[in-house]
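Before any comments, here is the structure.
One-based numbering along the sequence shown. Here the structure is a predicted model, which means the values were calculated and not measured. Atoms considered below: every heavy atom in the structure, side chains included; atoms not considered: hydrogens, waters and symmetry mates.
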Amino acid sequence: MNPLSDVHWSFVLLVLVLAGCSGAKSTVSTSSDPNAFPPALERYVNPFTMLDGAGESMDLALLGGLNVPRPQFVDIDGDGDDDLFLQENTGKLMFFEHIRENGESKFVWRTDQYGGIDIGEWSRFYDMDEDGDFDLLAEKQFSYVTYYQNVGDATNAEFVALADSLRDFQGEPLFADRQNIPNLTDIDCDGLIDLFVGRVEGTVMRYEAIAKVEDGPPVFRLLDNRFEDIEIIGQIGGSLHGANTLAFTDIDGDGDQDLFWGDFFEPSLLFIENTGTCANPNLRNDPIPFPTHSPVSTSGYNAPAFTDLDGDGDKDMFMGVLGGAFNPNLTAANNFYYFANNDGVYEQETTRFLRNVDIGRESLPVFVDLDADGDKDLVLTNKIEQDDFDQGRSYYFENQGSASNPSFKYIDTFEFEPAYHYDPAFGDLDGDGDYDAIIGTWSQGMGLYLNQGSNTSPKLEAENTSYIKLTRGSNSTPDLVDIDMDGDLDLFVGEASGTINFYRNEGSATEPNFELVSDKYLDIDIGRRSVPTLVDMDGDGDYDMVIGRESPGFAYYRNDGTPQEPNFVEDTSFDVNLPALSTPAFVDIDGDGDLDLFSGGDGGGLVFYENENVK
């Protein structure tokens, strides 16, 4: 199934228009203020209209994609409805404010890192000191548990870390394995907080606070190493180990807390009913897949959360899929489930609750005018397709707006020779006035695709699927640009090792001959997974180099040479909070004369920063 639409068809016709001799991934700005550096970049998730294949708007289009969403719902602003907190990346907690308009719920993105708090691999909101607002527990490195007290109030939260780690009454720190997400509740209704920690062997530890929490952090004692003799056995080989998540809620409305368990080795979500009472719980019952009438089945490691989304007085269920033992590629995009509670029956409504551009994992954007209408369209590629593990795929979003007021709609996928990690670099390689392409892949080779049509009726055909090969390594990421201003396109190529390959065109604009100058160009090494793009960032008339990388952000190399003889020098004054495996692309998407920034990343979507220098 296509992750953006039920319509799935392929074509090889591209409508391309060539503007000069430079490649479509590399744009030299001639109107940006050279004194406005670094540029003033502002993050937006819904800056313009983006439609899926069915023509429906994605209101969180440029969220960046989700691979391992870990949801929580709490009313953090005291307005009577539960807001959404979502962890996708280590240390960062996204916040979406819940707004009700005309009887409908809407979640509005506010930040990628709530309160600037480093939450490690997990977090849990709970009113620890019973003062009417939510406090926060979060994982600290090496599986300690940090306590953040809310020193604000129910409408204006403000968190302060009161302890480097929660401790027991003997002063020993509590540990929660970072791959196991614990939870809290008062399981026996005695007024003392219980902390439950899942173990990798499928059992549960129960801690209880020794007293009510007041000013300091809570102090716990271990009550049970094997709470209620729970022992989760995974479906693969009877496994007794694996990462897990815990959630408590009164699912059946009988006044006690039932338990939900998501396990690495379990494709469903497991439900353990509490058949006791609030004061005398009994969870010594067999776990059963949930929803009971039609159990969900995913790639495993499911993380549930409950809230009354529709305001009808009962709890609906959400579930993030973190990806376990059942091929996480299957849920690289379809991983945030919503189940509506209809009179006690949980019905699956969607597997993509937050509507955003998400094509799986490791996305890479290229902007080029594909339909010759004077505005930039988008080609977005991924690592591997969810429904075809033999190749990645390239998705085409047509800009149906204008050069100053963009509006994108997903149209189709491009068909190239089967490979992983497509990275197309467009340029006129035979001098006939239309776009050709060099396409990088996960392998060492880059393919040459020539336009056998025209700039108004083009047809890209594979001329040589092994046109250029890296001397070593893999994951070629090409960029075409006339770096020496001699009238033909030269070639820069990133690779998995983090270095840059430079091929000078020793041929001509009509008959290129790319000869390797260096496979460690200027000894640049950004760590791993280099993705270069050449662009005039400082407005001085020559190309600078921005390099995406495996670690968050990018590397920037300023050209201190000339347009004919570049000299790239690392400049750490310009960096942006981009996702891991960033693939930056700069384009003046809104026609205001400066370069805006898009990037793909590990999440499989797009993030966007508007350049607000030139107005």
Nearest heavy-atom neighbours spanning [X] and [Y]:
{"X": "S143", "Y": "E139", "answer": "N-OE2, 3.3 Å"}
{"X": "D588", "Y": "G593", "answer": "OD2-N, 2.9 Å"}
{"X": "G242", "Y": "D263", "answer": "O-OD1, 4.3 Å"}
{"X": "I193", "Y": "F220", "answer": "O-CE2, 3.7 Å"}
{"X": "F264", "Y": "G323", "answer": "CE1-O, 3.9 Å"}
{"X": "G600", "Y": "P579", "answer": "O-CG, 3.7 Å"}

Carboxylate-amine/guanidinium proximity below 4.0 Å for [X] and [Y]:
{"X": "K106", "Y": "D59", "result": "no"}
{"X": "D388", "Y": "R393", "result": "yes"}
{"X": "R110", "Y": "D83", "result": "no"}
{"X": "K92", "Y": "D112", "result": "no"}
{"X": "D423", "Y": "R529", "result": "no"}

Steps toward ring pair (Phe, Tyr, Trp, His ring centres under 6.0 Å) verdict (F175, F142):
CA-CA 8 Å; F175 293 93; F142 308 122; 9.9 Å; no
Is there a donor-acceptor contact under 3.5 Å from the side chain of [X] to the main chain of [Y]?
{"X": "N382", "Y": "R361", "answer": "no"}
{"X": "Y420", "Y": "F389", "answer": "yes"}
{"X": "D314", "Y": "D308", "answer": "no"}
{"X": "S582", "Y": "G553", "answer": "yes"}
{"X": "N180", "Y": "N244", "answer": "yes"}
{"X": "N611", "Y": "D594", "answer": "no"}
{"X": "S165", "Y": "Y144", "answer": "no"}
{"X": "N302", "Y": "G262", "answer": "no"}
{"X": "E130", "Y": "G132", "answer": "no"}
{"X": "S363", "Y": "G605", "answer": "yes"}

Starting at [atom1] of [X], measure out to [atom2] of [Y] and round the result to the nearest 0.5 Å.
{"X": "F586", "Y": "T533", "atom1": "CZ", "atom2": "OG1", "result": "7.5 Å"}
{"X": "K383", "Y": "L581", "atom1": "NZ", "atom2": "CG", "result": "8.5 Å"}
{"X": "L259", "Y": "N183", "atom1": "CG", "atom2": "CG", "result": "9.0 Å"}
{"X": "M58", "Y": "D358", "atom1": "CE", "atom2": "CG", "result": "10.0 Å"}
{"X": "N89", "Y": "R70", "atom1": "CG", "atom2": "CZ", "result": "8.0 Å"}
{"X": "L162", "Y": "M128", "atom1": "CG", "atom2": "CE", "result": "10.5 Å"}

[X] vs [Y] aromatic rings, parallel, tilted or perpendicular, using cut-offs 30° and 60°?
{"X": "F318", "Y": "F353", "answer": "perpendicular"}
{"X": "F107", "Y": "H98", "answer": "parallel"}
{"X": "Y410", "Y": "Y395", "answer": "tilted"}

Checking R43 against W109 for the side-chain contact (heavy atoms from CB on, under 4.5 Å) test, could you report, in this order, the C-alpha distance in whole Å, the side-chain angles of both residues, the deciding distance, and whether it holds?
CA-CA 11 Å; R43 169 109 153 91; W109 174 87; 3.6 Å; yes
Heavy-atom side-chain contact between [X] and [Y] under 4.5 Å:
{"X": "F48", "Y": "F608", "result": "yes"}
{"X": "L86", "Y": "L66", "result": "yes"}
{"X": "F326", "Y": "T298", "result": "no"}
{"X": "P291", "Y": "F271", "result": "no"}
{"X": "W261", "Y": "P287", "result": "no"}
{"X": "V197", "Y": "L195", "result": "yes"}
{"X": "F85", "Y": "L136", "result": "no"}
{"X": "L269", "Y": "M317", "result": "yes"}

Does the gap between the ring centers of Y148 and F159 come in under 6.0 Å?
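So the answer is no for these two rings.
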With K315 as reference, evaluate T307, N341, T249 under the side-chain hydrogen bond (donor to acceptor under 3.5 Å, both in side chains) test and give the passing residue.
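Going through the options one by one, the only one that passes is T249.
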So among F306, F260, F227, F196, which one has a ring-ring contact (aromatic ring centres under 6.0 Å, His included) with F248?
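Of F306, F260, F227, F196, ring-ring contact (aromatic ring centres under 6.0 Å, His included) with F248 is met by F196 alone.
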Please report the C-alpha distance between V68 and Y301 in whole Å, then the side-chain angles of each, then the deciding distance to 0.1 Å, and finally whether the side-chain contact (heavy atoms from CB on, under 4.5 Å) criterion is met.
CA-CA 9 Å; V68 288; Y301 200 7; over 6 Å; no
Set out, in order, the CA-CA distance, both residues' side-chain angles and the distance that settles side-chain contact (heavy atoms from CB on, under 4.5 Å) for L364 and L380, then state yes or no.
CA-CA 6 Å; L364 188 151; L380 189 65; 5.8 Å; no
After noting the C-alpha distance and the side-chain angles of D186 and K212, does the key distance pass the salt bridge (Lys or Arg N to Asp or Glu O under 4.0 Å) rule?
CA-CA 12 Å; D186 182 2; K212 289 193 174 185; over 6 Å; no
Show, in sequence, the C-alpha distance, side-chain angles and deciding distance for N67 and E88, and conclude whether the side-chain contact (heavy atoms from CB on, under 4.5 Å) test is met.
CA-CA 7 Å; N67 289 335; E88 170 66 16; 3.4 Å; yes
For the pair F408 and F397, evaluate ring pair (Phe, Tyr, Trp, His ring centres under 6.0 Å) and give the outcome as yes or no after the intermediate values.
CA-CA 6 Å; F408 292 90; F397 293 80; 7.4 Å; no
